[in-house]
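In this text, all values refer to a predicted model and were calculated from it rather than measured experimentally.
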Amino acid sequence: MLRRVCSPSLLNQVAYGLNFVKAVSTEVLNPADAGILSKARSPTINFVLGGPGVGKGTQCTRVAETYGFTYLSVGDLLRKEISSNGEYGDMILETITKGKIVSSEVTVKLLKSAIESGETNRFLIDGFPRSEENRLAYEQIIGIEPEVVLFFDCNEVEMMKRVLHRTQGRVDDNIDTTKERLRVFEAYSLPVIRYYSQKGKLHKINAIGTEDEIFERLRPIFST
């Protein structure tokens, strides 16, 4: 179980998020902007949530290969924007280095572009939505209800150990940033998890075990 710790910076971010939600919820959108209209039919969307180091990427890759999904990692999309010196690269780098959440407007814009250029019409989206602000922005801009929401559940000690033993060279894989990411996850992502649980879309996956053991827990969800 994660500890409930909120720093002043987190409280400021929560306040900002609430203002964003209030503003977006009253905005009237043009129907042409409300969804992915460039595809012949509405894509199938699945969200994957879980704290840092929980193993989402490993399992998403296997699920995508086994069941024919296009796998989109929001973290990878953000890192690609940095490495390609994209329009938002500097802002994204500064934000993730601090363990914070990148603005919903930028994240959803990158995600929308990736969905529109996807090779299939079935998507597994890793690391999104990370906050209620993310969720609302997605609903307003893309507007496709997720079919399944996976939540990989793992204790904090195990997640910290996994992150610090990764060898991928991520800029945010260090003790201080990981601790902040864990605090941000609890403050922002748990409300999203509760929201989808109440809608009956959430599948909670025990993320402790071998890769094969965890994958076997996923099979019944996608084999039906």
Could you walk me through whether Phe47 and Phe128 pass the ring-ring contact (aromatic ring centres under 6.0 Å, His included) check? CA-CA 6 Å; Phe47 293 147; Phe128 187 88; 5.7 Å; yes
Is Asn46 reaching over with its side chain to a backbone N or O of Val148, donor-acceptor style, under 3.5 angstrom? yes
Is the shortest side-chain N to carboxylate O distance from Lys199 to Glu145 below 4.0 Å? yes
Is any side-chain heavy atom of Glu139 less than 4.5 Å from a side-chain heavy atom of Leu136? yes
Would you say Lys201 has more than 12 foreign heavy atoms packed within less than 6.0 Å of its NZ? yes
Candidate pair Arg130 and Arg135, rule side-chain contact (heavy atoms from CB on, under 4.5 Å), full reasoning: CA-CA 8 Å; Arg130 292 186 62 193; Arg135 180 183 66 78; over 6 Å; no
Charged N-O contact under 4.0 Å between Asp212 and Arg217: no
Which heavy atom in Cys154 sits nearest to a heavy atom in Val54, and how many Å separate them? CB-CG2, 3.4 Å
Minimal heavy-atom distance between Asn134 and Pro129, with the atoms involved, is CB-CB, 3.6 Å
Can you tell if the side chain of Asn121 reaches within under 4.5 Å of the side chain of Thr44, non-hydrogen atoms only? no
Between Lys109 and Glu105, is the closest basic N to carboxylate O distance under 4.0 Å? no
Taking the six-membered ring for Trp, is the centroid-to-centroid distance between Phe151 and Tyr196 below 6.0 Å? no
Would you say CG of Asp90 has more than 12 non-hydrogen atoms from neighbouring residues, nucleotides or ligands within 6.0 angstrom? no
Leu77 and Leu111, any side-chain heavy atoms less than 4.5 Å apart: yes
Exam field: side chain Ser131 to backbone Tyr188, donor-acceptor pair closer than 3.5 Å: no
Kindly determine whether Phe69 and Phe222 satisfy ring-ring contact (aromatic ring centres under 6.0 Å, His included), including the steps that lead there. CA-CA 11 Å; Phe69 288 96; Phe222 297 103; 5.4 Å; yes
Are Ile115 and Ile45 side-chain neighbours, meaning at least one heavy-atom pair lies under 4.5 Å? yes
Are Arg122 and Tyr67 in a cation-pi setup, meaning NZ or CZ lies under 6.0 angstrom from the ring centre and within 45 degrees of the ring axis? no
Min side-chain heavy-atom separation Thr210-Glu213 under 4.5 Å: yes
